[in-house]
Every structure is written in structure tokens, then in C-alpha cells.
Amino acid sequence: MSGAVAETIPGVLGGAFARVPRRARIMGVVAVVYFIGMMLWMVVAFGPREAFTGPYMWGGFCGGLSGLLLGWTGALYSLAQDGRWSMRWQWRIVPTRMNDMLLAVPTLALVAAVLATIGAAMIFPLVWREWYLVGGLVSMAAVIIFAVRLTADSTRFLYLHAREQAAAAERAQAEAADARLAALQAQMNPHFLFNALNTIASLVRTDARAAEATTENLAAILRRTLDRSRSTMSTVEDEADYLRAYLAIEQERFGDRLSVEWQIDPAALPVSIPPMTLQPLAENALKHGIGGRLEGGRIRIAARRMDGVLRLEVQDDGAGFVRGAREGTGLGNLRARLATLYGDRASLDVEPLARGTLATVLLPVEGA
């Protein structure tokens, strides 16, 4: 059994050696030859006794070990690049692709440079007495130069690769956020259309002329909705115009029972806000505040810009709502879009009043 294992191990090692890139094989063999050559050089130069005592032994051993480690590091580097990398003049090594094995290269090359430096420092004081030590110093200097170059180039490549990965992650996150906003917007538009069609269906049975006017207003709103769906941002001015068209439809149904008060600060008009920010608040006020009252009611819409914050308010004097009640599609959708765009920098608060409800949206003013 042991004989079979002994026969199998050389076969496995030989097969693995044959499958690695040719450049990696060459570097591995050169590293072993360098180490053996350094040991033989010490024996020939100083004799068996002195070669393995004192600074001769430790200097030569560190120098040989640095060359062995650097050669194997170069072989690992070549294996990580699958043999496809280029070495330019001035000892510059240029990686072509990323591999997990490449992460170990800077550390191993740096250790090789440190070992070669230690070996050279131990042998250098002896050069003045033993001139033939110059050859060992030259080989160690070459190891130091190559190891430092390999460390610098591989570290630079890993750093640039990490920056590219971080940039790609940011792009993917931004694309995911855009896709989420598009999905939420697509959910919002059918919800609004459903409510508008219900209004028209109610008017058809009671007032055909009002139904016709409402249909025309709805067509205008849908045209604007298609234009706005191409962007994730709008302005307070555009949202106010859009809300006026929407309330015109609702006033066809409510008649004199609905009055609207506008308090829009001119300084707030050019501020960027997400599309469909005011409309779901007004729709919520109509549905839960005024819609159930026979005498109707009033809606106040306000926008103010102050201290780098935009404050949007929609208030009604209707029946109000029960605190802790489950949010509908419109408010839940708006809250999700604000969280996607602003995180915790924006807020939506719905507060019951003594009479009616106040919905407040706070948004950061970009560039303020």
C-alpha cells in the first residue's frame, strides 16, 4: 500500500507541474536552482565548516531563501495570470486579470525583499576582505529590486481593481434604486387612474357635461404623467400645476363642497422634489377627510423653503383619521419613494388635528 502511495505522489506532482503555465514552471525551477546555487557558492567560497557558521551562513541562507521565495511568488503570480501577463522594460510587471491568488503576491514579494536585505546587510561588511562576495551581493540586489517592483505593481493593480469594483457596486446600487423608483411610479399611476375613472363614472350618470370636462382634464393629466415618468425628479412648480389639474377633476365631482387654499412660497417653486409627492396627500385628504362629509370642506396646500429644508403641507378640515390606522397605497408608496431617494434625510408625518388632518413632508434642499 505504501509503495502504491509512493508511486502515486510523484505522478500527481508531475501531472500538476505539467499543467501549470510554462512561465510558472520556469520560475519555480529557477528559484530552486538559485537556492541550491547560493548554498553551493557558500560551500565552495568558505569551505564546509565556515560556510555554515556565523554571518556567512545566515547571510547566504537569507539571500538564498529570498530568491527561492521570490521565484515561487513569481510562479504564483504567473499561475494567477494563467501565463498571460507582460513584463515591460524598467522591471515593470503588468497584470492582465484578477485572481484570488494575486492577493498573496504583495506580501510574499515584500517578505522576499526583506530577507534579501537582511542577507545583504550581513554580508556587506565582509566584502572588503572577501572580494568574491560581490557576486552574492549583486544577486541579492537583483532580488530586492525585482521583489519591490513586483510588490508595487501588484499592489497598484489590486488597488485599481478595488476602486473599479467599488464604482461598479455604486453603479449597480444606483441602477437598482432607479428600477425601484420606476416600479413604484408604475404602481402609483394605475392607482391614480383607477380613482379618476371612478369619478368620471359617477358623473356620467348625473352630469354628462361635467363628465366630458373631467375626461378632458384627465387626458391632460395623463399626457403630463407620461412626460414626468421619464424622470425621477420634478419641481414644486410642476407638482403644483399637476395638482391643480387633479383638483379640477375632483371639483367637478364635489362642486361647491370643495374649496382649495394655496400657500406656495415663490422661493420654493424651483426646488426639486419627487414626482407625485403632493397629489397622494391631497387624494388622501379628499378620501378620508372631506369625502365622507355632506357639507364638504377645505384643503390647504402649502410649500415653504427655510434653512435648507423644504416643507410641504396638505391640511384638511374633514373628519380626520384614527391614529395608528393602516396606510393606503398612496401614502405607503410615497413613503417608500422618499426612503429610496433620501434615506433618513426626508420624512412624511400625518398628524390628526382637532378638526381634520395635517400631512407634512420635509425634504432636504439639494445645494442649499
Side-chain angles (χ1 to χ4, degrees), residues 181 184-185 187-189 191-192 194-196 199 221 225 228 233-251 253-254 257-265 268-269 271-293 296-365:
L181 286 173
L184 290 171
Q185 183 103 357
Q187 180 185 359
M188 172 66 75
N189 292 336
H191 175 69
F192 162 68
F194 174 78
N195 287 284
T199 300
I221 290 178
T225 299
R228 290 145 53 93
M233 298 301 292
S234 180
T235 64
V236 173
E237 184 175 11
D238 290 339
E239 286 300 294
D241 292 341
Y242 186 86
L243 184 57
R244 285 189 176 92
Y246 168 78
L247 291 176
I249 294 178
E250 294 299 326
Q251 284 181 320
R253 179 163 63 97
F254 281 90
R257 296 170 53 230
L258 174 62
S259 63
V260 181
E261 178 184 353
W262 296 87
Q263 297 177 357
I264 305 297
D265 181 7
L269 292 177
V271 177
S272 296
I273 61 174
M276 301 289 284
T277 298
L278 290 172
Q279 188 273 335
L281 301 180
E283 179 182 346
N284 191 70
L286 288 172
K287 180 178 180 181
H288 300 286
I290 299 175
R293 298 180 64 194
R298 178 180 62 87
I299 292 180
R300 181 180 67 86
I301 298 163
R304 297 196 305 275
R305 175 179 177 175
M306 51 185 182
D307 299 329
V309 176
L310 177 68
R311 183 183 183 93
L312 304 175
E313 295 180 352
V314 176
Q315 179 183 351
D316 67 82
D317 59 357
F321 73 103
V322 179
R323 184 181 293 274
R326 182 176 178 271
E327 288 186 345
T329 302
L331 290 182
N333 188 299
L334 175 59
R335 196 179 298 276
R337 287 188 292 134
L338 294 179
T340 300
L341 283 171
Y342 300 102
D344 58 359
R345 297 182 301 150
S347 65
L348 167 61
D349 181 62
V350 182
E351 176 187 1
L353 304 175
R355 183 178 181 184
T357 304
L358 173 62
T360 305
V361 174
L362 298 180
L363 299 176
V365 178

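Residue numbers start at 1 and run along the sequence shown.
Although no hydrogens or angles enter the test, the distance criterion places no donor-acceptor pair under 3.5 Å between the side chain of Arg355 and the main chain of Gly318.
Two residues are said to be in side-chain contact when any heavy atoms from C-beta on lie closer than 4.5 Å; Met276 and Arg337 meet this criterion. Side-chain atoms of Leu348 and Leu334, non-hydrogen and from C-beta on, do get closer than 4.5 Å to each other. With contacts defined as side-chain heavy-atom distances shorter than 4.5 Å, the pair Val365/Arg305 qualifies. The closest side-chain heavy-atom distance from Pro274 to Leu338 is below 4.5 Å.
Of all heavy-atom pairs spanning Thr277 and Leu281, the tightest one is O-CG, 3.5 Å. Minimum interatomic distance between Ala302 and Ile264 (heavy atoms only, all atoms of both residues): C-CD1, 4.3 Å. Taking all atoms of both residues into account, the shortest heavy-atom contact from Tyr342 to Ser272 is OH-O, 4.1 Å. In plain terms, the two heavy atoms of Ala268 and Ala303 that are nearest each other are CB-O, 4.1 Å.
The neighbour count for Asp349 CG, taken as heavy atoms of other residues, nucleotides or ligands under 6.0 Å away, is above 12.
In this structure, CG in Leu247 is found 6.5 Å from CG in Leu286, a value given to the nearest 0.5 Å. Distance CD/Glu239 to CD/Gln279: 9.0 Å, rounded to 0.5 Å. Atom CD in Glu283 sits 13.0 Å away from atom CG in Leu278 (nearest 0.5 Å).
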(request) Evaluate the side chain to side chain contact (heavy atoms under 4.5 Å, CB included) criterion for residues Ile301 and Leu243: first the C-alpha distance (whole Å), next the side-chain angles of each, then the deciding distance (0.1 Å), finally the verdict. (result) CA-CA 10 Å; Ile301 298 163; Leu243 184 57; 3.3 Å; yes
(message) Let's go through Ile273 and Leu310 carefully: what are the C-alpha distance in whole Å and the side-chain angles of both, what is the deciding distance for side chain to side chain contact (heavy atoms under 4.5 Å, CB included) to 0.1 Å, and is it a yes or a no?
(response) CA-CA 9 Å; Ile273 61 174; Leu310 177 68; 3.3 Å; yes
(request) Please lay out, stage by stage, how Val271 and Thr235 fare under the test side chain to side chain contact (heavy atoms under 4.5 Å, CB included). (result) CA-CA 5 Å; Val271 177; Thr235 64; over 6 Å; no
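In this structure, the side-chain contact (heavy atoms from CB on, under 4.5 Å) partners of Arg311, at least two apart in sequence or on a different chain, are Arg304, Met306, Glu313, Thr360, Leu362. Every residue two or more places apart in sequence or in another chain that forms a side-chain contact (heavy atoms from CB on, under 4.5 Å) with Ala240 is listed here: Arg244, Trp262. For Arg345, the salt bridge (Lys or Arg N to Asp or Glu O under 4.0 Å) test picks out Glu366, with sequence neighbours left out. Annotation: side-chain contact (heavy atoms from CB on, under 4.5 Å) contacts of Ala285 (sequence neighbours excluded): Ile299, Val314, Asp316. Not a single side chain to side chain donor-acceptor pair (under 3.5 Å) links Asp265 to another residue, sequence neighbours left out. Every residue meeting the side chain to side chain donor-acceptor pair (under 3.5 Å) condition with Gln263, not counting sequence neighbours, appears here in chain and number order: Glu261, Arg300.
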